[in-house]
Amino acid sequence: MPTAQHRVIGGKIVQPSSRRQSTSVFGNLDWFMVLIYFVLVALGWMNIYAVVYSPDNVVNIFSFDINSGRQLTFIATGVILMIVLLVVDYKVYEHLAFPIYGGIILLLLFTLAVANPVAGSRSWLDLGGGFRLQPAELAKFATALAISKFLSQVSLRQQKMKDQMVLAAITFLPAVIIILQNETGSALVFGSFILAFFREGMSPLILIIGGSAAAIFILTLLVPKLYLLIGIAALMGLAMFLDYRLMRRFKTMIALFVLVVGMVFSVDYFVNDVLQPHQQNRIKALINPEADPLGYGWNVTQSKIAIGSGGFWGKGFLEGTQTKFDFVPEQSTDFIFCTIGEEHGWVGSTILIALFLLLMMRIVYIAERQKSVFGRTYGYCVVSVIFFHFVINVGMTIGLAPVVGIPLPFFSYGGSSLWSFTILLFILLAIDANRNRELVR
């Protein structure tokens with residue numbers, strides 16, 4: 001006789017499975033994601049060593065006198081941090097999301113008040129012993145938690161204007177403080193959370209408007225204004241001809257064109273009178289780095305030379321000449337991708353890009369299998385931040401994005417960056433490992 005534990009499938013009595021869902025967080029952990037994490041961290045560590053390696057003065061990779069040795073310390077503390085994040089009750093991340101966010105906001109304000117300027121930026125806290133902490137990096141995971149907590153309480157599709165204002169404040173308050181610290185690049189990252197909003201029901205019209213505005217801004221710097229406006233007018237006219245519904249909104253289309261005209265003629269004022277000199281140079285370097293190859297175009301020009309010199313297979317590990325003679329500034333951090341391009345060529349660069357794509361695809365997969373809005377939203381916040389960093393970092397090394405000081409996740413040198421991305425990722429893995437305990441909300 002079948003018991004209550006037996007199931008009947010297709011008229012047959014099926015024995016209950018002897019396999020039980022593990023109650024241990026490590027038993028349910030997505031180990032494939034952990035493997036990708038350690039592969040990226042290990043490859044980053046080796047390439048950080050390649051940057052400082054000199055055949056005339058060989059220093060052990062483990063030496064604390066060079067960046068690779070110090071990065072190993074950051075990796076070790078990152079592993080400890082990872083374990084702590086996994087063993088802590090996963091509900092803490094949702095219940096304490098707002099207090100964590102508030103604490104990081106206070107830390108950002110404290111940093112702004114007391115930090116000594118470093119390259120014009122007041123964003124670093126001196127921890128002693130040559131170690132520094134950048135709270136702006138920690139603000140990413142705190143903001144992701146706060147956004148996820150807020151969106152788990154309200155529906156983005158049915159929000160009132162008040163809720164939308166609160167969400168905007170949560171998202172951009174850290175960015176405003178970071179801009180005051182003179183860290184514009186780090187502040188731009190917070191705009192990437194819009195991708196998570198889109199998944200939770202935000203109108204795609206906002207993304208279309210934002211993308212169009214960015215395209216018009218760049219085209220204004222590249223194309224004569226008259227030609228650009230004629231082209232835009234022609235496209236709008238063609239759209240109305242092909243879709244008769246737009247003809248009914250003729251006045252709206254005219255108003256939109258007037259708005260575009262105003263934007264086109266305000267770009268020069270914004271670039272020349274609003275942006276600071278170093279920010280103007282970043283725009284100029286993006287548009288035409290060859291105009292001043294020894295000045296504002298130096299970083300991008302040398303970066304492209306380093307990557308191009310690697311060819312198909314690269315020069316070999318520890319054999320990069322651009323690296324050895326310090327032609328590319330900040331090569332352990334912002335321009336670490338140059339080392340891959342020069343020493344490992346097109347093949348190595350493609351493998352690294354594939355690893356990051358695999359990482360981001362896996363995060364999306366994990367986000368979609370969450371049973372709570374909080375977990376799903378947090379997953380999309382994580383992938384949005386990593387995607388932004390990846391695209392901008394690689395883009396600026398090959399001249400497709402402005403140089404804004406964005407590190408390559410898990411790869412670039414720096415404790416603040418590594419810890420920040422480790423926290424971002426392993427909070428998600430902790431939530432995912434406990435997803436079967438969650439009720440669908």
> Which distance, rounded to the nearest 0.5 Å, do you find between the CG of L408 and the CZ of F337?
8.0 Å

> State whether the side chain of S63 and the backbone N or O of N60 hold a donor-acceptor pair below 3.5 Å, judged by distance alone.
no

> Quick one: pull up SG in C381 and CZ in R199 and give me the separation to the nearest 0.5 Å.
12.0 Å

> Testing T350, I351, L357, L355 one by one against I353 for a side-chain contact (heavy atoms from CB on, under 4.5 Å), which residue passes?
L357

> Starting at CZ of F150, measure out to CG of L167 and round the result to the nearest 0.5 Å.
6.0 Å

> Is a side-chain donor-acceptor pair under 3.5 Å present for W419 with T77?
yes

> Measure from the side-chain N and O atoms of Q71 to the backbone N and O of G414, and report whether any donor-acceptor pair falls under 3.5 Å.
yes

> Just say parallel, tilted or perpendicular for the rings of F410 and Y37, cut-offs at 30° and 60°.
perpendicular

> Give, for atom CG of L428 and atom OH of Y380, the distance between the pair rounded to the nearest 0.5 Å.
11.5 Å

> So if I apply the side chain to side chain donor-acceptor pair (under 3.5 Å) rule between K315 and each of H344, E343, E342, which one comes out positive?
E342

> Just wondering, do V385 and F421 contact through their side chains at under 4.5 Å, heavy atoms?
yes

> Looking at CG of N47 and CG of L43, how far apart are the two atoms once the value is rounded to the nearest 0.5 Å?
7.0 Å

> Where the side chain of Q181 meets the backbone of I177, is there a donor-acceptor pair that is under 3.5 Å apart?
no

> What I'd like to find out is whether the side chain of M263 reaches to under 4.5 Å of the side chain of F217, using heavy atoms alone.
yes

> Taking the six-membered ring for Trp, are F62 and W45 ring centroids under 6.0 Å apart?
yes

> Would you say R122's side chain and A115's backbone share a donor-acceptor pair under 3.5 angstrom?
yes

> If we ignore hydrogens and angles and just use 3.5 Å, is the side chain of T377 paired with the main-chain N or O of V373 as donor and acceptor?
yes

> Determine yes or no for a side-chain-to-main-chain donor-acceptor pair under 3.5 angstrom, with N393 supplying the side chain and D334 the backbone.
yes

> Between S412 and T333, is there a donor-acceptor pair closer than 3.5 Å when you use the side chain of the first and the backbone of the second?
yes

> Is there a salt bridge (Lys or Arg N to Asp or Glu O under 4.0 Å) between R369 and D30? Walk through the geometry before answering.
CA-CA 12 Å; R369 72 183 181 188; D30 193 309; 3.0 Å; yes

> Does A367 offer a backbone N or O that forms a donor-acceptor pair with the side chain of R376 under 3.5 Å?
no

> Let me confirm one number: the CG-CD1 distance from L72 to I61, rounded to the nearest 0.5 Å.
8.0 Å

> Check whether the side chains of S121 and E183 place a donor and an acceptor atom closer than 3.5 Å, and report yes or no.
yes

